[in-house]
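A short worksheet on the structure shown next.
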Amino acid sequence: MAEALTKLTGSRIMVRHAADMLDQHNPAKITMGSMAKLFSTDNCFDVANMALQMHGGYGVMRSYGVERAFRDLRILQIVEGTNEIMRLVIAREMFKDQDIQS
C-alpha cells in the first residue's frame, strides 16, 4: 500500500508540474508532458495491477470497479502516443543540443 501511495503521489505531482509548465508556455512543456504521461501511466497501471491482485478473483468483476481502472489505464498507455513514443520524444529532447547524428 505504501508503494502504491508513493507511485500515485509522484504521478500527481509530475502531472501538475507538466500542466503548470504548459500554462506558463515553458519551452520544455512538450518534454515534461511526455515524461509526465510516461511516468504516470506506467505507475498508475502498476497500482491498478496491485489492486487487481489484492482483490483476487473479485478484481476482475465489473461490480468492483478495479477491472475498469485496470482496463482504462492500459488504454492510457496507448492513446495520445504510446509510452514507447514518449520515450523517443524525451530522448530526442535530451540529446537535442548535442552534436549526435541519428
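Only heavy atoms go into these numbers, but all of them, side chains included; no hydrogens, no water, no symmetry mates. Owing to the predicted nature of the structure, the values given are computational and were not obtained by experimental measurement.
Residues Met86 and Met35 have side chains not in contact (no heavy-atom distance under 4.5 Å, counting atoms from C-beta outward). Contact check for Thr9 versus Thr6: no side-chain heavy atoms found under the 4.5 Å cut-off. Side-chain contact between Lys7 and Asp46 is present, with at least one heavy-atom pair separated by less than 4.5 Å.
In summary, Asp42 and Arg87 engage in a salt bridge, as defined by a charged side-chain N under 4.0 Å from a carboxylate O.
What you find for Thr31 and Ile90 is that their closest heavy atoms are O-CG1, 4.3 Å. Closest non-hydrogen pair, Ala4 versus Met50, comes out as CB-SD, 4.1 Å.
Met32 and Val15 end up in different hydrophobic clusters when Ile, Leu, Val, Met, Phe, Trp and Tyr side chains are linked at under 4.5 Å. No continuous path of ILVMFWY side-chain contacts below 4.5 Å connects Leu8 to Leu38, so the two sit in separate hydrophobic clusters. In the hydrophobic clustering of ILVMFWY residues, with side-chain heavy atoms under 4.5 Å counting as a link, Leu52 and Phe45 come out together.
In Ile30, the CD1 atom is not crowded: 12 or fewer heavy atoms of neighbouring residues, nucleotides or ligands sit closer than 6.0 Å.
Between the NZ atom of Lys29 and the CG atom of Asp20 there is a distance of 12.5 Å, given to the nearest 0.5 Å. For the atom pair CG of Leu88 and CD of Glu93, the computed distance is 12.0 Å after rounding to the nearest 0.5 Å.
Under the ring-ring contact (aromatic ring centres under 6.0 Å, His included) criterion, no residue pair touches residues 15-36, with sequence neighbours excluded.
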(request) Decide salt bridge (charged side-chain N to carboxylate O under 4.0 Å, His left out) for Arg16 and Asp23; before the verdict, give the C-alpha distance in whole Å, the side-chain angles of both, and the deciding distance to 0.1 Å. (result) CA-CA 10 Å; Arg16 289 177 182 155; Asp23 287 344; over 6 Å; no
